[in-house]
Amino acid sequence: MEQFKDQLFPSEFILDYIQDESQKKRFLSYVAFRFLSFVGEDDAALPTRLKESLSCPFTPQAFTVIEDYLMEDYYFSPSLKQGTYEPLYLYAAISLISAGHPEELSFFEELLAGYCPVAASLCLQDTGLQLSSLLQTGSDFYAALYLATIKHGAQLPSLLPKFTDAYEESYHFTCEDFILFDFMDEYFEQKRCICHASFIELVDTLVAATLNYYNTDFDTLVEKDAAQALSGASSRFAGTKRIGNIIITSSMEHDAACRMLANTFRYAAMYELRNNLFDFHLEDDKLITLTNWKENLRWHYVQYANVYSLALDSFYAAMLSRELLKAQFEANLL
């Protein structure tokens, strides 16, 4: 099996992630979204069919459902293609799974069987099943994965490696973030490291130290500092004014903007930490661990500057992406 497949479709991680029911729903929403996005490439009538069959409101206000999903955690947050119905498919998938109405779930399974009859008819209990030769398209892959997760939970430990073998990079199951987090898991020898209390404390401490170095906080950044840093002729984003600038404080509710900014700072701190762990790593000895980092981890102004710059860059990019995604979703509704 090629190594990249295991990184981009991490079967061991999935098994751990879906132990919690709410996270299982998030995972299933992602799988349902990927199925719909692949089917929608060939069926222009799918958006209308979803609107007519699902009870969730297809209104501009429903965009908050997409926002909440994307900001929930670092996993299963897809990149959406421009000029497609993918925002609508994501909203439909989230609503479908979170509501869990039996008649709507039956409708979804009818979609699976109608578009992917081979995948829907597989005997997933068959220990000799070779999914790599049976699942030939992205829609087949996600249809089978959905059915395996909801109907054959006991067989998932043996089934998921077969899905990994059948996975193709064009199926876009994950993004590069998984590789970053996989490195953290391996280095600190902790499954789902970013959920571990000591690692969370480590990252939050680095974020707090960065904010303290610049004598600011998230509220001040949103209201004042970030707006100034991202404007003016000397800003890295000065060129965006030529194509239309986004004013942060007016484009998003304050508390939501602070949450988004906090997420970008945590991500930037993790990214910078990953880069420095290579420096702190000596042969087979891990100099920085989850038990000694308070004594052994030392940063200076370069690390603070790197976190600060990357966080602001990511925040502004996220704001722009949000506006574009919102506009695309509203266009989908028309």
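Here the structure is a predicted model, which means the values were calculated and not measured.
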Do side-chain atoms of D185 reach the backbone of C193 as a donor and acceptor pair under 3.5 angstrom? yes
Write down the atom of W293, the atom of S198, and the distance for their closest heavy-atom approach. NE1-O, 3.9 Å
Nearest heavy-atom pair of L131 and K162: which atoms, and what distance? CD1-CB, 3.8 Å
Taking all heavy atoms of Y171 and all of L135, pick out the closest pair and write down the distance. OH-O, 3.9 Å
When you check the side-chain N and O atoms of E104 and S53, is any donor under 3.5 Å from an acceptor? no
Determine, for E12 against K191, whether the closest basic-nitrogen to carboxylate-oxygen distance falls under 4.0 angstrom. yes
How close do A269 and V207 get, heavy atom to heavy atom, and via which atoms? CB-CG2, 3.9 Å
Counting C-beta onward and ignoring hydrogens, is there a side-chain heavy-atom pair between E330 and F63 closer than 4.5 Å? no
For the pair F13 and Y75, name the ring-plane relationship: parallel under 30°, tilted 30 to 60°, perpendicular over 60°. tilted
Scan L221, V307, T220 and name whichever one has a side chain to side chain contact (heavy atoms under 4.5 Å, CB included) with L211. L221
The residue among F58, Y89, Y91, Y85 that forms ring pair (Phe, Tyr, Trp, His ring centres under 6.0 Å) with F329 is Y91
Hey, does the side chain of T216 reach the backbone of N212 with a donor-acceptor pair shorter than 3.5 angstrom? no
Partners of S139 by side-chain hydrogen bond (donor to acceptor under 3.5 Å, both in side chains), sequence neighbours excluded? T137
Could you pull out all residues at least two apart from Q328 that satisfy side-chain hydrogen bond (donor to acceptor under 3.5 Å, both in side chains)? none
Less than 4.5 Å apart, any side-chain heavy atom of D313 and any of T264? no
Which heavy atom of R26 sits nearest a heavy atom of F76, and at what distance? NH2-O, 3.5 Å
What residues form a side-chain hydrogen bond (donor to acceptor under 3.5 Å, both in side chains) with K81, not counting sequence neighbours? E41
How close do N332 and K51 get, counting heavy atoms only, and between which atoms? O-NZ, 3.6 Å
